[in-house]
2 protein chains.
Amino acid sequence: MTAGARPARRGRPGHAREDVIRAGVELFNEQGYDATSVSDLTGRLGLTKSALYHHVDSKEQILQIALEDALGGLEQALADALQQPSAAERLQTIIRGAVRVLTDRQPQVTLLLRLRGNSEIETAALARRRRFDRTVTALMREAQSEGLVRSDLDAGVATRLIFGMINSVVEWYRPDGPVDPDLLREEILRVALGGLAART
Amino acid sequence: MTAGARPARRGRPGHAREDVIRAGVELFNEQGYDATSVSDLTGRLGLTKSALYHHVDSKEQILQIALEDALGGLEQALADALQQPSAAERLQTIIRGAVRVLTDRQPQVTLLLRLRGNSEIETAALARRRRFDRTVTALMREAQSEGLVRSDLDAGVATRLIFGMINSVVEWYRPDGPVDPDLLREEILRVALGGLAART
DNA sequence: GTCTATAAATGGATAGAC
DNA sequence: GTCTATCCATTTATAGAC
């Protein structure tokens, strides 16, 4: 438990900051950020408020750390997609990458997708999310120009619909559930490009 | 102002219950239900808490009325779909019907889709929503059996993906925005069945 | 690293006058 | 139908002992 390569748990026993963050994000997702009190969180962790505030500066800091994790993952996926050589590959790569981030970091992304902009931290995160959305819309428009995606549909609407489908995965996907994330990723890509209809 | 056919505004002037509900739902959607205080609401309406409580029994009652509106609309759309003569028409009708309810009652449905189950009213609404989802999944399965929808995809996953796409409309559609709701409805149906890919 | 105790503000809701 | 004033529970967060 004193760790090998990873210097995870230095010093005395008790709760680590990491545990507090994880439990906080979990609870925020179950009840909503605003509906979750610090007492709720200490109740679940089995410690007092003072002890909790020894690990984190504020309730909002827990949110901030989770949002950074979610946004960092999505931005990295977008950077990867932008390096692809063709418009088709760029679009496919961002769709696959986004689904992978959603399944890998479901709790953090869930928080991001539910933000309302009620504080500076929330509005800053929403601004980063909008930047991501704009770049993805540009990829969609590019795919339309090259004839890969139908053009009888506004690129913004198309992006919102497809990412609406992708993002909704956080509402039901669970890592320990029956759905395999790798299969899901390919299924989403197929439904996004080819739709539900049976091949005729 | 004393109304003709509709006995809308009986008695003295001032705010009507209807105004309070509408403003409340609007504010709940902007900030989240839990993040919205009764003071926020009285601030927007320009009256005091006591005056507001003359119109409604509680903050939660505003939520309840909105949820009934959303669920009633979705359940009616489902009843209409179930009366269609073929599986193909039943599936298409519930997709079109759901989109119509989302655009017609965007604020109310938005509240429904964001519920976390933090009170008895919320859990009751979520139970009704799950019942709706189960029936739609049965329609999807039926469409698969008849060869209308590809069967290399679990009916539950397919329903979640398509309704994830449909439901995401509440996040950006606005009645006074640039997107025509009738066109959007047909575009969603086309993307759901045929996907984004250009016809080859 | 955790505790008891408490501060200071805000939450939803009510009493009773006008 | 709206007001002032208030109740009481709960909120986030801190002080200081162990």
Side-chain angles (χ1 to χ4, degrees), chain A residues 1-3 7-25 27-28 30-67 111 116 118-122, chain B residues 1-3 7-28 30-67 111 115-116 118-122:
Chain A
M1 280 298 183
T2 35
R9 204 63 62 86
R10 296 180 304 240
R12 306 179 233 175
H15 292 87
R17 182 190 170 93
E18 193 183 316
D19 300 329
V20 172
I21 307 287
R22 193 177 325 108
V25 171
L27 212 44
F28 293 165
E30 288 174 21
Q31 307 181 337
Y33 175 77
D34 295 289
T36 302
S37 70
V38 176
S39 300
D40 291 339
L41 181 49
T42 59
R44 173 160 303 191
L45 285 164
L47 40 64
T48 61
K49 283 195 247 194
S50 292
L52 184 134
Y53 277 103
H54 179 78
H55 296 290
V56 292
D57 294 340
S58 66
K59 175 184 166 183
E60 196 172 31
Q61 192 189 34
I62 299 174
L63 179 65
Q64 185 170 27
I65 288 168
L67 294 177
L111 282 182
R116 303 310 307 159
N118 290 335
S119 66
E120 284 191 19
I121 282 171
E122 291 191 18
Chain B
M1 280 295 184
T2 36
R9 204 64 62 87
R10 297 179 304 242
R12 306 178 233 177
H15 292 87
R17 181 190 171 93
E18 192 184 318
D19 299 329
V20 172
I21 308 285
R22 193 178 324 108
V25 172
E26 199 174 291
L27 212 44
F28 294 165
E30 287 174 21
Q31 307 180 338
Y33 175 76
D34 295 290
T36 302
S37 70
V38 176
S39 299
D40 289 339
L41 181 48
T42 58
R44 172 160 303 192
L45 285 165
L47 40 62
T48 62
K49 283 199 249 193
S50 292
L52 183 134
Y53 277 103
H54 179 78
H55 297 289
V56 292
D57 293 340
S58 65
K59 175 185 166 182
E60 195 171 31
Q61 191 187 37
I62 299 173
L63 178 66
Q64 185 170 28
I65 289 168
L67 293 178
L111 281 182
L115 290 185
R116 303 309 309 160
N118 290 335
S119 67
E120 283 190 21
I121 283 171
E122 291 191 17

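Keep in mind that what you see is a predicted model, and the values were worked out from it rather than measured. Labels below follow one simple rule: chain letters A, B, ... track the order of the sequence lines, proteins then strands, and each chain is numbered from 1. Both backbone and side-chain heavy atoms feed into the values below; hydrogens, waters and symmetry mates do not.
In this structure, A:T36 reaches the sugar-phosphate backbone alone: every heavy-atom distance under 4.0 Å involves primed, P, OP1 or OP2 atoms, never a base. If you check every strand for non-hydrogen atoms under 4.0 Å, A:T48 touches a base.
Rounded to whole angstrom, the span from the CG atom of A:L27 across to the P atom of D:dT12 amounts to 11 Å. Going from atom CG of B:D19 over to atom P of D:dT2 covers 10 Å, rounded to whole Å. As a whole-Å value, the separation of A:D57 CG from D:dA13 P is 10 Å. As a whole-Å value, the separation of A:D40 CG from D:dA13 C1' is 16 Å. One atom, CG of A:L41, and another, P of D:dT12, lie 10 Å apart when rounded to the nearest Å. When rounded to the nearest whole Å, the span between CG of A:L45 and P of C:dT2 equals 10 Å. In this structure, CG of B:D34 is placed 12 Å from P of D:dT12, rounded to the nearest angstrom. Computed from coordinates, the B:L52 CG to C:dT14 P distance equals 12 Å when rounded to whole Å.
Going from atom CG of A:D57 over to atom CD1 of A:I62 covers 10.0 Å, rounded to the nearest 0.5 Å.
A residue-by-residue look at A:S37 and B:A51 shows that B:A51 has its nearest nucleotide of DNA chain D further toward the 5' end.
For the pair B:Y53 and C:dT14, the criterion of a side-chain N or O lying under 4.0 Å from OP1 or OP2 is not met. In this structure, A:H54 does not reach the C:dC3 phosphate: none of its side-chain N or O atoms is under 4.0 Å from OP1 or OP2. Considering only side-chain N and O atoms, B:K49 lies nowhere under 4.0 angstrom from the phosphate OP1 or OP2 of C:dA13.
For B:R22 and B:E18, the salt-bridge test passes: some basic side-chain N is under 4.0 Å from an acidic carboxylate O.
Contact annotation: side chain of A:S50 to base of D:dT14, donor-acceptor pair present below 3.5 Å.
You'll find the side chain of B:V56 stays beyond 4.5 Å of the side chain of B:I65, heavy atoms only. Residues A:E122 and A:L63 have side chains in contact (heavy-atom distance under 4.5 Å, counting atoms from C-beta outward).
Of the listed nucleotides (D:dT12, C:dA13, D:dA13), C:dA13 has the atom at the smallest distance from the side chain of B:S58.
Judged by distance alone, the side chain of A:K59 and the main-chain N or O of A:Y33 form a donor-acceptor pair under 3.5 Å.
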